[in-house]
Participant: 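Sending over a structure as structure tokens; questions will come in a sec.
Everything quoted here is computed from the prediction, not taken from an experiment.
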Amino acid sequence: MSSVDRVAYMDNIRSSQITEQINREKDIQRKYFQEQEAAGRIVPKPPSPAPQRKSLLETVGIPEHVQTIKQDPEQALSLSISKHTWKANPGYLVRDGPSMASVMKKDYVWDEDEIQLMKEQGHLDKKFNRRRDEFVDYSEASARMIHLKKGAAPAK
């Protein structure tokens, strides 16, 4: 061991003695100040105030799309209506933004102009209809066979 190693070397016993001595000194100091405060020689230190914690709103903040909705009167009105009609599908915005699936009946009805346009473009041509061929027969028979091999499900 070189001289530099010996200077930096401290064994566990010595380091535990130093730790114990530091703790004893802190206890002695604490007792001394308690005696002085009890005797009225020094003014007791007031307790430090608890750190102020941020609220969830301060931590997370308000999303940008909520601010834009509040400025747009039409979206603000729809937001207010959807918040208060609790039986309906909730349309108010959380963190996902203004995009939401519509549940109105008119969204499930085909627009005749759109159908006509699709016919003109050839999207509704009969060549796209799936015909039953040998592969379809094979896959259905295979599924039937697999189902029969599994056996009937046990009754509950």
Side-chain angles (χ1 to χ4, degrees), residues 1-118 121 123-124 128 130 139-140 142-156:
M1 191 184 278
S2 70
S3 61
V4 176
D5 292 335
R6 281 193 212 110
V7 170
Y9 177 73
M10 288 185 71
D11 61 354
N12 288 339
I13 295 173
R14 180 72 181 133
S15 62
S16 65
Q17 287 173 349
I18 293 172
T19 305
E20 186 178 347
Q21 186 175 0
I22 291 171
N23 289 339
R24 281 184 186 169
E25 287 175 359
K26 285 183 180 177
D27 288 342
I28 292 169
Q29 186 182 25
R30 192 176 306 114
K31 286 179 186 174
Y32 171 78
F33 280 116
Q34 286 175 349
E35 290 172 2
Q36 297 298 320
E37 287 175 6
R41 294 189 190 110
I42 58 173
V43 179
K45 180 185 168 192
S48 57
Q52 294 291 327
R53 296 186 181 265
K54 287 185 175 181
S55 69
L56 183 62
L57 182 63
E58 292 171 344
T59 307
V60 177
I62 298 176
E64 292 178 13
H65 67 269
V66 174
Q67 294 296 337
T68 57
I69 284 179
K70 288 181 180 177
Q71 294 167 0
D72 183 13
E74 186 175 333
Q75 286 188 350
L77 181 64
S78 67
L79 173 72
S80 166
I81 290 171
S82 64
K83 268 201 290 190
H84 297 294
T85 53
W86 62 273
K87 286 186 179 180
N89 197 9
Y92 55 90
L93 305 175
V94 230
R95 296 233 165 249
D96 298 335
S99 57
M100 180 182 159
S102 177
V103 292
M104 299 180 69
K105 182 181 176 184
K106 70 179 177 112
D107 292 329
Y108 296 103
V109 177
W110 284 97
D111 185 12
E112 293 300 325
D113 296 335
E114 188 176 352
I115 293 175
Q116 190 60 35
L117 178 65
M118 290 173 76
Q121 292 177 345
H123 293 300
L124 298 180
F128 296 117
R130 178 75 190 215
S139 57
E140 286 180 356
S142 173
R144 251 186 258 112
M145 194 60 163
I146 290 170
H147 180 67
L148 288 173
K149 282 182 184 178
K150 286 183 181 176
K156 290 184 180 180

Participant: Checking the side chain of Thr19 only, and the main-chain atoms of Ser15 only, is there a donor and an acceptor separated by less than 3.5 Å?
Facilitator: yes
Participant: Can you sort out the partners of Asp27 under salt bridge (charged side-chain N to carboxylate O under 4.0 Å, His left out), two or more places apart, ordered by chain and number?
Facilitator: Arg30
Participant: When rounded to the nearest 0.5 angstrom, what is the spacing between CD1 in Ile42 and CD in Gln36?
Facilitator: 6.0 Å
Participant: Is the shortest distance from a Lys or Arg side-chain nitrogen in Glu20 or Arg24 to a carboxylate oxygen in the other one below 4.0 Å?
Facilitator: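 Salt bridge present between Glu20 and Arg24.
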Participant: Which atom names give the shortest non-hydrogen contact between Glu37 and Lys45, and what distance separates them?
Facilitator: OE2-N, 4.1 Å
Participant: Report yes if some heavy atom in the side chain of Ser142 is under 4.5 Å from a heavy atom in the side chain of Ile146; otherwise report no.
Facilitator: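 Result yes, sub-4.5 Å side-chain heavy-atom pair found.
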Participant: Tell me, yes or no, whether the heavy-atom count around Glu74 atom CD, taken from other residues, nucleotides or ligands under 6.0 Å, exceeds 12.
Facilitator: no
